[in-house]
Amino acid sequence: MRTHPGVPTQTPIGGWYFYGSNGTLVGQGRHILSPIMLYNMDPQITPKNIDDTAEELPVPKRLTDELPRIGDDIQNKWVALVRDFLADIGNRPHEPYLTFQDGWRYQIAIDAIRTSRGWTQIPG
């Protein structure tokens, strides 16, 4: 059971949750471009009608159109990353992508959350 602003609700195990002042974004899967749901923060929402208030947000078509079509969804995303990485080290134009430094910084934040250490300085 996950929580929605003040309302307990059944949601899929896995995925990700971003809680904001206007509602909660829920990624239904573990990967980017999975269905993304927006749960409204309407005070009239109860555990019985919460699923009726969820709105699926479409993934922008330009993001799905830019993916290579080589294998399954996961393989296509890895191929896109490698394509941009190779273009970068070859000094050719490419789309921006997350770097090893980004991954290192995110891992520090994730570890701080998991261990409940409180405020942690993330390297720049």
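Count residues from 1 along the sequence.
When the side chains of ILVMFWY residues are joined at heavy-atom separations under 4.5 Å, either directly or via intervening members, I89 and L81 end up in a single hydrophobic cluster.
Considering every non-hydrogen atom in both A87 and P93, the closest pair reads CB-O, 3.7 Å.
The closest donor-acceptor contact from the side chain of R69 to the backbone of N76 lies at 3.5 Å or more, if one exists at all.
Put simply, the side chain of D102 reaches to within 4.5 Å of the side chain of T99, judged on heavy atoms.
Applying the 4.5 Å side-chain rule to ILVMFWY residues, one finds I70 in the same cluster as V79.
Considering CZ of R83 and CZ of R92, their distance stands at 11.5 Å, rounded to 0.5 Å.
Within the structure, ring pair (Phe, Tyr, Trp, His ring centres under 6.0 Å) pairs that include any residue of residues 73-102 comprise H94-Y97 (at least two apart or interchain).
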